[in-house]
Amino acid sequence: MDILSHGLWGSIIFGRKNRRSFQLGFAFGIAPDLCSFGILLFSRLWQSLMTGTWSVGSGKPDLLDIPPYVSSLYNFTHSFVVFAVAFALAWTIFKRPIWEMLAWPFHIFLDLFTHSTSFFPTPYLWPFSFVPIDGIPWSTPIIFFTNAFFLALLYIVYFYRKKKYGIR
Ligand SMILES: [Zn+2]
């Protein structure tokens, strides 16, 4: 799924308590992609700024152009195993579960079915072996617009109920 949708799903499902919770849900929703592809994007932007050449590219990047560190980070941030460890760690540190963190496994769950095996299949059990799931790419119009429709619907209902009844 695209990164903005991940953030919006994270907020609307796990961050309805207050503004801070909303932001936290958004942050955990986008974190898996921000901490992998986001770093590549920022480094390419930085390179472009420094050299004065535009090399960010557009559309789907070529697999050969993607540095190995991005794949390693992608494995790390798209694993239910890593999430479980991080969630338990945060629970120990803050002495309570941080429910907004669940936007992270929800991101992995969405990616499982919206990435094909040809381009970054979701390594959901990394570092253990896993059977890749061949999903339908999120850029396919049916997936893209269905996702946008449900997100828009949820946000309209959310803001309507909040305005009318003060319900979150
Ligand atoms: Zn992702």
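Indexing begins at 1, ligand by ligand and atom by atom, following the structure's order. All heavy atoms count here, side chains included; hydrogens, waters and symmetry mates do not.
Of all N/O/S atoms in H107, NE2 sits nearest the Zn ion (ligand 1). The name of the N, O or S atom in D33 nearest to the Zn ion (ligand 1) is OD1. D111 contributes OD2 as its N, O or S atom closest to the Zn ion (ligand 1).
Ring geometry, F87 versus W99: the interplanar angle falls from 30° to 60°, so the pair is classed tilted.
The ring of F120 has its center closer than 6.0 angstrom to the ring center of Y74.
Side-chain atoms of S11 never come within 3.5 Å of backbone atoms of L8 as a donor-acceptor pair (strictly under, hydrogens ignored).
None of the N, O or S atoms belonging to H115 lies under 2.8 Å away from the Zn ion (ligand 1).
A 6.0 Å sphere centred on CG of L154 holds more than 12 heavy atoms belonging to other residues, nucleotides or ligands.
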